Amino acid sequence: MHTQHKYDVLIIGSGAAGLGLALKLPRKLRIGVLSKGPVQEGNTFYAQGGISAVLDKEDSIPSHIADTMDAGAGLCNLDAVRFAVENGAEAIQWLVELGVPFTRTDNKKDYHLTREGGHQHRRVIHAADATGKALETSLVAEVKQQKNIDLFEHHIAVDLITSKHLKKEGKRCFGAYVLDRRQDCVEVFRSRFVILATGGASKVYMYTSNPDTSTGDGIAMAWRAGCRIANMEFNQFHPTCLYHPQAKSFLITEAVRGEGGKLLLPNGRPFMQRYDERGELAPRDIVARAIDNEMKRRGIAHVLLDISHKPAK
């Protein structure tokens with residue numbers, strides 16, 4: 001016999017999107033949140049640099065929209081970009097009220113903002129250099145205080161339960177089949193609404209800064225259920241990870257380049273200006289392609305990221 005759970009809303013994924021939604025929904029709803037492993041083990045937790053929002057009086061909504069469209073090579077959905085940018089400051093304020101410990105300037109009054117590639121202004125609010133950890137920890141703590149939210153760790157969604165599974169007419173989703181990894185059994189989660197907040201699929205690549213859980217399960221489930229899948233060609237590559245021939249690579253924050261770090265060939269020569277006049281502050285796709293091109297045409301295993309010309313502080 002399958003164990004059955006029943007919820008008003010089932011959220012598959014426990015990163016910032018899933019937990020944030022769980023906290024925003026009305027408290028009268030019974031909500032279940034599935035986490036593939038430990039609740040922190042996802043892309044949100046490992047994010048470093050920070051979150052972009054218009055928080056400085058010298059910045060503006062049109063400037064942030066323009067930078068975002070430029071970083072997306074003009075291919076972004078303008079309505080989606082405008083919505084995200086216009087609501088950015090309000091979202092940050094919600095996180096502040098939630099207790100996310102964003103770093104402040106020396107005067108302790110203002111939040112410290114950094115600049116990253118593709119931005120004309122300083123607009124990246126951060127919590128030291130472990131923003132994702134601070135964000136996820138705060139969200140998890142808040143979720144665990146809510147009596148209407150149940151958090152299921154070590155539960156992997158196998159497939160959505162649709163009309164097809166139940167041999168019913170129409171196209172509806174009734175929940176999900178879920179593997180309880182600790183009990184090694186499949187359970188049924190019934191729900192009026194199912195939200196997929198499962199993240200991306202970057203673990204299909206040999207080298208990635210993404211955790212092992214980022215395997216595209218949600219995209220596959222959506223596809224099998226008959227949802228429209230779009231923009232699958234757009235995988236963003238973070239330009240800088242620490243290179244080690246034997247060890248797993250890990251992320252080096254974009255803030256290093258934002259604060260003046262230089263990309264150099266193994267012989268110490270810079271190369272980014274040949275690809276873009278913004279140099280190391282060009283958008284990620286341009287910087288990543290430039291590094292990749294130099295490595296391939298020169299037959300080198302890595303390039304260098306140097307910020308030794310800056311004071312230690």
Side-chain angles (χ1 to χ4, degrees), residues 43 46-52 59 63-76 81 112-126 128-132 200-211 214 231-313:
N43 277 334
Y46 291 102
Q48 293 181 0
I51 306 167
S52 301
D59 199 0
S63 174
H64 194 179
I65 290 174
D67 287 351
T68 306
M69 295 300 294
D70 181 51
L75 299 172
C76 308
V81 170
H112 183 264
L113 303 176
T114 62
R115 184 183 175 193
E116 294 187 358
H119 295 285
Q120 299 178 63
H121 298 278
R122 287 182 172 269
R123 61 169 69 106
V124 181
I125 189 169
H126 61 102
D129 198 38
T131 308
S202 290
K203 281 302 287 189
V204 300
Y205 294 95
M206 183 179 293
Y207 301 109
T208 175
S209 59
N210 284 203
S214 189
N231 302 325
M232 287 294 288
E233 71 275 28
F234 293 117
N235 266 283
Q236 185 181 73
F237 291 87
H238 195 286
T240 49
C241 285
L242 183 73
Y243 169 76
H244 191 291
Q246 280 86 43
K248 195 173 178 179
S249 60
F250 62 82
L251 183 73
I252 295 177
T253 176
E254 195 160 356
V256 174
R257 284 181 290 116
E259 294 299 328
K262 297 295 180 185
L263 285 165
L264 307 174
L265 296 170
N267 63 12
R269 292 180 184 169
F271 60 89
M272 270 310 303
Q273 287 295 336
R274 293 204 306 273
Y275 293 89
D276 193 284
E277 63 183 12
R278 291 165 290 187
E280 284 77 5
L281 287 177
R284 287 181 181 182
D285 61 316
I286 294 173
V287 179
R289 277 199 299 268
I291 294 170
D292 183 63
N293 188 55
E294 290 295 328
M295 287 167 59
K296 283 175 177 171
R297 83 186 181 97
R298 296 174 184 274
I300 54 179
H302 61 84
V303 297
L304 304 173
L305 181 59
D306 180 21
I307 198 163
S308 62
H309 55 282
K310 288 284 188 177
K313 189 176 185 303

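We're numbering straight along the sequence, starting at 1. Treat the numbers as computed from the prediction; the structure is a model and nothing was measured.
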Determine the minimum heavy-atom distance between Arg257 and Pro239, stating which atoms define it. NH2-CG, 3.5 Å
If every non-hydrogen atom of Ser209 is compared with every non-hydrogen atom of Cys241, which pair is closest and at what distance? CB-SG, 3.9 Å
As an exercise, state the distance from OH of Tyr243 to CD1 of Ile252, rounded to the nearest 0.5 Å. 13.5 Å
Out of curiosity, Asp59 CG to Asp67 CG, how far, rounded to the nearest 0.5 Å? 8.0 Å
Which heavy-atom pair separates Pro283 from Asp70 by the least distance, and what is that distance? CG-OD2, 4.3 Å
Rounding to 0.5 Å, atoms NE2 (His126) and CG (Leu113) come to a distance of 7.0 Å
Locate the shortest heavy-atom distance separating Ile286 from Ala282; write the atom from each residue and the value. CG2-CB, 4.0 Å
The criterion is ring-ring contact (aromatic ring centres under 6.0 Å, His included); which residues satisfy it with Tyr205, sequence neighbours excluded? Phe237
Rounded to the nearest 0.5 Å, how far apart are CG of Asp292 and CG of Asp285? 12.5 Å
For the side chain of Ser214 and the backbone of Lys203, is there at least one donor-acceptor N/O pair under 3.5 Å apart? no
Leu265 side, atom CG; His302 side, atom NE2 - distance, nearest 0.5 Å: 11.0 Å
Is any side-chain heavy atom of Glu294 less than 4.5 Å from a side-chain heavy atom of Leu263? no
When you measure from the side chain of His119 to the backbone of His121, do you find a donor-acceptor pair of N or O atoms at a distance under 3.5 Å? no
Of all the heavy-atom pairs spanning Glu116 and Gly49, show the shortest one and how long it is. OE2-CA, 3.7 Å
Of all the heavy-atom pairs spanning Gly261 and Leu305, show the shortest one and how long it is. C-CD1, 4.3 Å
Val256 pairs by side chain to side chain contact (heavy atoms under 4.5 Å, CB included) with which of Thr240, Ile307, Asp306? Ile307
How far does OG1 of Thr114 sit from CZ of Arg122, to the nearest 0.5 angstrom? 7.0 Å
Below 4.5 Å, heavy atoms only, C-beta onward: do Ser202 and Gln236 meet side chain to side chain? no
Identify which one of His238, Glu259, Glu280 satisfies the side chain to side chain contact (heavy atoms under 4.5 Å, CB included) criterion when paired with Glu254. His238
Does Arg297 have more than 12 heavy atoms from other residues, nucleotides or ligands lying within 6.0 Å of its CZ? yes
Does some side-chain heavy atom of Arg298 sit less than 4.5 Å from a side-chain heavy atom of Phe271? no
Without swapping roles, check the side chain of Gln48 against the backbone of Leu251 for a donor-acceptor pair under 3.5 Å. yes
